[in-house]
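Notes follow the structure.
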Amino acid sequence: MPLLLDDIDVSTAQSSHKAIDPKFFSSKLTGNGKARYGLLNSQLLPVASTSNTAYLADAGGHIETKAISTQNGITVTTIPIAPMTRRALTQAGSFTLAAPHAQERCVIDTDSNYWDISFALTPQAAKLYEDAATGAKRMPREFLVQYRMELFFFKRGATEPERVMIASNTSTVGRDALVFTAWDISPLENAGGFIDDRLHAAGLSRKNPDALETWLTEEYSVCDAITAQAEIWDSEAMADQVCAYIDGLPASQTDEQLNALAVQLRYLENYNVPLEVYRSIHKKIETAFNDGIASKLSKQNLNLLMSHTLSHLEAMKGHLTTPVRPAAAPVLPAHLSAQQTNAVITHEPLVMTQAGAGTGKSTVILQRIKYLEACGVPASDITVLSFTNAASDNITAKNPDVGSMTIARMINDIYTLNHPSHELSSIDTIINSIEIFYPTSNFAAQFRMRLLEVDQNKTGAFTALNTFIENKFDQVMDVLDRIKQTSLELEIIICYQRIDAMIEPPKVQCRYLVIDEVQDNSIFEFIYVLKYISKHAQSLFIVGDASQTLYEFRSANPRALNTLEGSGVFTTFRLTTNYRSNQEILDFANVVLGDLETNQIANIQLKANSLARPTADTFREKVILDYRAVPKLTTFVSDDLAGIVRATIAPNYVDTCLARGEQVAFLAYSRREVTTIEKVLQEKYPQRHVASLVSDRVFATDIFSKYIKFFWNDVLQVPPHNAAFVVTQGIRDNLGKLTNNAGSPNVEKAVLRMVSNWWLENSATINGWVQLTLLSSLPHAEFFDRLRDNLLSYEIRHNAVRQSLTNQKNRERKANNAQAKADLVVSTIHGAKGMEFDNVVVLHRENTAMTQDVKRMYYVAFTRAMHSEYVLSYGTVKNPPIESDYEQILSVLAERDKQTAARATGSGPDPLDDADDADQTDGTPLTQAS
């Protein structure tokens, strides 16, 4: 039986993980406001400490997007901080600000007998400038914070309200409370003037001018003020802010006011806002606006759009397809657990199965297909969408008649049927092509900018591209028709925008849709699928584990499953019995899982499919923690890792596992770490098979399209028979301008090989065009257009072929290594997802402020082993949370061992009886749609 988390005191560790500090906004916001080190040090005052006028002007404007950019050696980090944008609060309306606590404001003493007046200061945003152009060893940094200055007027003797109306003019007549606002980057210098101006307009003057300076220099903490804003972002208080703003809008809103609200909703995407916030905001939007406006506003934020789509799906839930119950209950395999069985045989139209690591997700999906067939559903009416091609191929191999593909493949098939002239291309090639074909178009420039932001994975970029395409759909399609290209990102947006009009190929049509590893889908893929289900009134059965989300870099949202479950629209089952690992390994993982935000709703605690009860001795044997305190994190891998693997882990752990005839896998975060470990293992075990699961990577090239964009005029200056030579020589001569890695011999070799292959494949065609020009059968202008299009088309095909070959090679390597069961395996944690090994060594980097995505990654690593695991952890602290968690597990087990021994002698009760009873479950749905 598993340890109950109630028995483990993880409050200290959890509070350290959950504690909100300025790093919520950016890891560069170091310092705690008390010591002299870090960006937010004890000497940081609310004053602009730079003399750079360019920085002063730049930091004083509207700051609404978190971003990092580098130009001319200067890296600028933009950090929004305040929950409400400056743009929103300067619109005409009845908007309010929360009244600050008494200790968070400075009392302004005046000669008024009517007003109590106080001053408060809220960090609105910040910019960090780091100048590498100086060549100095220590990069010069300039940190500027933009503040919202607030002057509050409270009627003396009246109850102070929770929120105060922002004054739209200088008058204080007829109010019991109001606040004046202004934005400034140097309040220590300018707040006095702001206050005096407002007081003068009210016929008042300050009696204690020195009090403000004292408050700003001795009592006000920039670090604490930023932390306070982070706490709002990370709680439902954020919903209060936005909903109060919506309440302040006039009954008849102007376009400018609605645009400001739209910007505010997009602004939320800067940070990881709790899902409850989005539910509250969406509910407010639906009640405050008509359907048309509510729909447009919901599209300004993908999480709001998810809530909006779920709301529509819930309204038509009664019309969705459900299987007919069979006359005789089909015989299910005896090995299915009660939890698995109930998920398999449900007749609800919308089903979510929250499946912890190793709990039999694939088994449930395969048995669900068989059950649907037993209910009379033809296999051709069932489609399974997987995250990877390998998983898709596995379904096809076992169920040839069932539709099986990735979501990307389904969308591509639909898109291609409707736009057959568009080739799937990279965003870089598309951006270059748009500039080639539309060099002077303002619209094209906007389109390129939106695509570039998506390519750079900028905050809110996908939302902005979706809105842009919706508003300019016909113009966008005209451009894509002209360049004859598309991308995966464009395909899903266009399929979403025109979902009701899209023709669909027969192979994607079905009535029962099943999605595996759903946690790895992007938030927009969720939205598209939910809308697709609504369109076809299909049944949807999804399986996933939010705590194993590892693909946030491709917009996977770890809270998306929580959003679905919390909505009440889906019937939810949980799988908690693990068929892979022993309970000792799962106890260790459960402690980590207990602190994962993604598990707050799912509440999964893994239990081994075994009656063996862990003891302190078996835990020490099966879970080994080797923590190394180091002076610097950055040098551990280069200086220490190889020696520890060679001198400690290999003889003390690996040799023992190998002697038992068992496999050992080494899992690490980075390729560099994996390479270091692999080299040691190959040297230490020359007679053993060391298999690497690290996938080869391939990056799309845009050499040809970039050359056309920058140097095509050179080609146009020569006769057609010299054009191909000018292209090949021009690319060779301008490599420095066409690639960022021109100095690399490998890059240069690859580019020249690509150019050579292009000529070998196309020389006959191009020479044929040359001959036609000599015969005056082909105008020169058309020849150069054909040559240009030929180069672009080759670049697109070249990238597609390289990607396809690399993917196939990676799949084959993984399959071959799995079949061969190599003695030793090395892999990144991402590469080992979905796999299992006899024994595992995990390289773990301890960090007391570990982010949730890193914790999820290690949770995946800690649940890969079947028999034992060795955790090599390193960090700069002496008593890290992972060590205290480990010791507490040992302590609880040791106490249970004593009680068990006492019971064996008849002197005590079984301490696990209650736990056994509490852990039983019949697998019935845990949440039902209301």
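Position 1 is the first residue of the sequence, and the numbers go up from there.
Using a distance-only test at 3.5 Å, with no hydrogens or angles considered, a donor-acceptor pair links the side chain of Q253 to the main chain of P250. No side-chain donor-acceptor contact under 3.5 Å links N270 to the backbone of T459. Panel note: side chain N41, backbone G38; a donor-acceptor pair is recorded below 3.5 Å. Without hydrogens or angle criteria, Y220 side chain to L121 main chain gives a donor-acceptor distance under 3.5 Å. Using a distance-only test at 3.5 Å, with no hydrogens or angles considered, a donor-acceptor pair links the side chain of T30 to the main chain of L39.
A side-chain donor from one of E150 and T122 sits under 3.5 Å from a side-chain acceptor of the other.
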For this session: For the pair E286 and K283, evaluate salt bridge (charged side-chain N to carboxylate O under 4.0 Å, His left out) and give the outcome as yes or no after the intermediate values.
Result: CA-CA 5 Å; E286 285 201 317; K283 185 175 180 180; over 6 Å; no

Exercise. Are F180 and F153 close enough, and set up right, to give a ring-ring contact (aromatic ring centres under 6.0 Å, His included), and what steps lead you there?
Worked result: CA-CA 8 Å; F180 295 98; F153 285 68; 5.5 Å; yes

For this session: Output, in order, the C-alpha distance, side-chain angles, deciding distance and verdict of side chain to side chain donor-acceptor pair (under 3.5 Å) for S567 and E314.
Result: CA-CA 9 Å; S567 70; E314 182 176 26; over 6 Å; no

Problem set entry | Worked check of side-chain contact (heavy atoms from CB on, under 4.5 Å) between D21 and N32 | CA-CA 8 Å; D21 59 30; N32 60 10; over 6 Å; no

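Residue pairs meeting the salt bridge (Lys or Arg N to Asp or Glu O under 4.0 Å) criterion with at least one partner in residues 239-250, sequence neighbours excluded, are D247-K284. Each ring-ring contact (aromatic ring centres under 6.0 Å, His included) pair with one or both residues in residues 41-61, not counting sequence neighbours, appears once here: Y55-Y129. Within the structure, the ring-ring contact (aromatic ring centres under 6.0 Å, His included) test picks out the following pairs touching residues 258-302 (sequence neighbours left out): F24-Y271, F25-Y271, W233-Y267, W233-Y271, H282-H308.
For the pair D111 and K207, the salt-bridge criterion is not met [side-chain N within less than 4.0 Å of a carboxylate O].
Other residues, nucleotides and ligands contribute only 12 or fewer heavy atoms inside 6.0 Å of the CD atom of E256.
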